Amino acid sequence: MTESLDPERMACWRAYIEASQRLFTQIEDDLRADSELSFADYHVLVLLSEAPGQRLRMGELAGRLVFSPSRLTYQISSMQKRGLVARESCPDDRRGSEAVLTAAGLLTLREAAPHHLRSARTHLMDDLDDAEVACLTRVFERLGRRLGSDRDASSTPADK
C-alpha cells in the first residue's frame, strides 16, 4: 500500500526534482566546458578510481550507474576511443569483461575534479532560492529519518 503525500510534501518533492534537474544541467555544462567530460564520463572515472585495482566488471559498473548494458557499452566504447578507459576480459569469467581506468583517465579525473566540485558548490549556493533550500532541507531530513528507521529495523540483535 502506498502512502499518499500531503500538498506540502508534494511541493517539497516537486522543488527537489526541479532544482536537481536545473542544477544537473548547469553542472554538466560547466564540466563539459572545463574538461570536455560528460557527467556520465566523470561518474565512470570516479567509480573506477575508487575500485580495487581501478577496475570493475561491466555488470557491476552498470548497476552502480543504473545504465542499461547497451548504454554502458556505448559509454565505455566512447571513453575507450579517447583513451580514458580500457576494456579487458575478466579473469574470473571468460564471458565477461571489465572496464579499467587508464593513466590518461586518472589524469583527466584529477584535472576535472576540482572544477566539478567548485561548479557543484557554486550552483548549489548561488542558484537555489531560500524557499528551495527550505524544501530541500525538509526532504533530506525526512529521507534521513526514513533511512535511519529502515536501517534500525533491518539490523539484527547481534548488530546492536
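None of the values given here were measured: they were computed from a predicted structure.
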- Message: Could you go through Arg71 and Gln75, starting from their C-alpha distance and side-chain angles, then the distance that decides it, and tell me whether this counts as side-chain hydrogen bond (donor to acceptor under 3.5 Å, both in side chains)?
- Response: CA-CA 6 Å; Arg71 172 70 176 118; Gln75 184 72 36; 3.2 Å; yes

- Minimum heavy-atom distance between Gly83 and Ala104, given as atom pair plus value: O-CB, 3.5 Å

- Message: Looking at every non-hydrogen atom in both residues, tell me the closest pair between Leu31 and Tyr42 and how far apart they are.
- Response: CD2-CB, 3.6 Å

- Note on the structure: Nearest heavy-atom approach of Ser89 to Glu98 is O-OE1, 4.4 Å

- Item | Test log, rule side-chain contact (heavy atoms from CB on, under 4.5 Å), inputs His115 and Asp30 | CA-CA 8 Å; His115 299 288; Asp30 288 353; over 6 Å; no

- State, yes or no, whether a side-chain contact exists between Ser97 and Glu88 at a heavy-atom distance under 4.5 Å. no

- Item | Single hit among Arg64, Glu60, Gln54 for side chain to side chain contact (heavy atoms under 4.5 Å, CB included) with Leu47 | Arg64

- Query: Is a donor on one side and an acceptor on the other found under 3.5 Å between the side chain of Ser78 and the backbone of Tyr74?
  - Reply: no

- Query: To the nearest 0.5 Å, what is the distance between CG (Leu65) and CD1 (Ile76)?
  - Reply: 8.0 Å

- Query: For Gln80 and Arg87, which heavy atoms make the closest approach, and how far apart are they?
  - Reply: NE2-N, 3.6 Å

- Message: Taking Arg22 first and then Glu18, would you say they form a salt bridge - that is, a charged N and a carboxylate O separated by under 4.0 Å?
- Response: no

- Message: Is any side-chain heavy atom of Met79 closer than 4.5 Å to one of Leu37?
- Response: no

- Would you check if Arg55 and Leu101 make a side-chain contact, meaning some heavy-atom pair closer than 4.5 Å? no

- Task: Please round to the nearest 0.5 Å and tell me the distance separating atom CE of Met58 and atom OG1 of Thr73.
- Result: 5.0 Å

- Query: If you take all heavy atoms of Ala86 and Thr102, which pair is closest and at what distance?
  - Reply: N-CG2, 3.7 Å

- Under 4.5 Å between side-chain heavy atoms, hopping through other hydrophobics if needed: is there a path connecting Leu61 to Leu106? yes

- Carefully, step by step, assess Leu45 and Val85 under the rule side-chain contact (heavy atoms from CB on, under 4.5 Å). CA-CA 8 Å; Leu45 294 176; Val85 299; 4.2 Å; yes

- Message: Whether the side chain of Glu28 engages the backbone of Phe39 through a donor-acceptor N/O pair (distance < 3.5 Å, no angle test) should be reported.
- Response: yes

- Glu36 atom CD, over 12 foreign heavy atoms within 6.0 Å: no

- Message: Tell me if the CZ atom of Arg82 is crowded by more than 12 foreign heavy atoms within 6.0 Å.
- Response: yes

